[in-house]
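What follows is a single structure, written as structure tokens, with notes after it.
Every heavy atom of this structure was used, including side-chain atoms; hydrogens, water molecules and symmetry mates were not. Treat the numbers as computed from the prediction; the structure is a model and nothing was measured. We name chains A, B, ... by the order of the sequence lines, and we start the count at 1 in each one.
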Amino acid sequence: MVTILSTVEAQAPSTPGPSGCGPVPVAVPVVAVPGPGVAAALPNGAPPGPPMADDSKTNLIVNYLPQSMSQEELRSLFGSLGDIESCKLVRDKVTGQSLGYGFVNYVEAGDADKAISTLNGLKLQTKTIKVSYARPSSASIRDANLYVSGLPKAMGQKEMEQLFSQYGRIITSRILVDQVTGVSRGVGFIRFDKRVEAEEAVRGLHGQKPLGAAEPITVKFANSPGQKSGGALLSLCPSARRYGALHHPPQRFRLDNLLNVAYGVKRFSPLAIEAVPGLAGVGLGAPGAGWCIFVYNLAPEADESVLWQLFGPFGAVTNVKVIRDFATNKCKGFGFVTMTNYEEAAMAIASLNGYRLGDRVLQVSFKTSKQHKA
DNA sequence: TCCCATT
């Protein structure tokens, strides 16, 4: 498809391109803006102005990502299923911390579809990720999340949805439960498709008693994400919590922060590092960097998602690869996994070496080097 | 009283 009025990277954000690789493109119109008297409509009848890409079949939103997962890891995971047009992990503007969700836009709609079917529900560390088509971005879908409290303990998610669904389309709902007993805390969330729907629900349900309930419920807009819920300075730094204040946090955080502060770089990429004097050659986050693990005795049908599922629970995984036969496209029985942190890699190896996967027993070890990686 | 769904 050729759109005459397209501009070279006209939609380029102020940050580097999706891959973070290469220079920031300069917006250069391919053709001059029509002057006075020139018909404003294109031959195909499309309105003038920047072309609106239809991303509805290629653009995915990925929710419930582990806090530690970086944009590079996100790209690596989803890139195993097809060519990615752009990938963005959404992060807190001031702390740079992941907000636990991101977007992956594929080149091909078929790959997006494949990603949903193979990665939705994937367990990564403590999370179960959700992969679904992103709704077209619009102001009307923002701030549509409600906080509900005072729910009867017996009320389940289904019933809560029934109560709220009269006000609009529900995107997500959740009831918080006690971690040990699993009993409802009487507190939940409802995210509507549209903010106006949420507003109506507040008006209609706040202070109301659900059928048969003894107490009225409270319905209000939820705190915006990134707002602190307790704890102080340490809550800004999950890596300090996980690794202890005296230990070094994973280096990708430190480099990421350094790049953000010093250069205003929004995205972390190997090329960005190489562009920073004094960091060249550090290579963290570069493809192949980290601890490479050799996994042997995979089934012929094995695919990348198997490796993510096996190793993801042990920590930061930056890359997985199943080696396939060129002719048959079947796994040749082995693959590789790259993990950022030595301790996590060592734990994964100790746990997974000898692990029985189906009718096979895996052999897992650090890759013994022959340094000719791509 | 708060589960990280709109770049």
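Other residues, nucleotides and ligands contribute only 12 or fewer heavy atoms inside 6.0 Å of the CD atom of A:Glu108. Within a 6.0 Å sphere centred on CG of A:Asp83, heavy atoms belonging to other residues, nucleotides or ligands number 12 at most.
Computed from coordinates, the A:Lys127 NZ to B:dC3 P distance equals 9 Å when rounded to whole Å. Rounded to a whole Å, the CG atom of A:Asn63 is 15 Å from the P atom of B:dC3. Put simply, CZ on A:Phe189 is 8 Å from P on B:dC4, counting in whole angstrom units. Taking atom CZ of A:Phe221 as the reference point, atom P of B:dC3 lies 18 Å away to the nearest angstrom. Rounded to an integer number of Å, the gap from CZ of A:Arg191 to C1' of B:dT6 is 9 Å. A straight line from CD of A:Gln179 to C1' of B:dC2 spans 14 Å, rounded to a whole angstrom. Regarding A:Asp178, its CG atom lies at a distance of 15 Å from the C1' atom of B:dC3, rounded to whole Å. Distance, A:Asp193 CG to B:dT6 P: 11 Å, rounded to whole Å.
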Practice prompt. Begin from the C-alpha positions of A:Gln71 and A:Lys88 and carry the test side chain to side chain contact (heavy atoms under 4.5 Å, CB included) through to its verdict.
Written response: CA-CA 6 Å; A:Gln71 181 164 289; A:Lys88 177 153 190 182; 4.1 Å; yes
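Without hydrogens or angle criteria, A:Gln363 side chain to A:Gly354 main chain gives no donor-acceptor distance under 3.5 Å.
Taking only side-chain nitrogens and oxygens, A:Thr172 never comes nearer than 4.0 Å to OP1 or OP2 of B:dA5. For the OP1/OP2 pair of B:dC4 and a distance below 4.0 Å, the side-chain nitrogens and oxygens of A:Arg174 include at least one atom meeting the criterion.
Side chain A:Arg135 to base B:dT6: a donor-acceptor pair is found below 3.5 Å.
Of the candidates B:dA5, B:dC4, B:dT7, B:dA5 carries the atom nearest the A:Ile61 side chain, counting heavy atoms from C-beta on. With distances taken from any side-chain atom of A:Ala222 to the nucleotides B:dT6, B:dC2, B:dA5, the minimum falls on B:dC2. When the nucleotides B:dC4, B:dA5, B:dT7 are ranked by their closest atom to the side chain of A:Ile171, B:dA5 comes out on top. Taking only side-chain atoms of A:Arg185, from C-beta outward, the nucleotide of B:dC2, B:dC4, B:dT7 with the closest atom is B:dC2.
Using a 4.0 Å heavy-atom distance criterion, A:Asn145 is classed as a base contact. A:Ser98 comes within 4.0 angstrom of a nucleotide base, judged by non-hydrogen atoms across all strands. When heavy atoms are screened at a 4.0 angstrom cut-off, A:Leu176 is found touching the sugar-phosphate backbone but no base atom.
For the side-chain contact (heavy atoms from CB on, under 4.5 Å) with A:Phe311, the qualifying choice from A:Val320, A:Val295, A:Thr338, A:Leu124 is A:Val295, the only one to do so.
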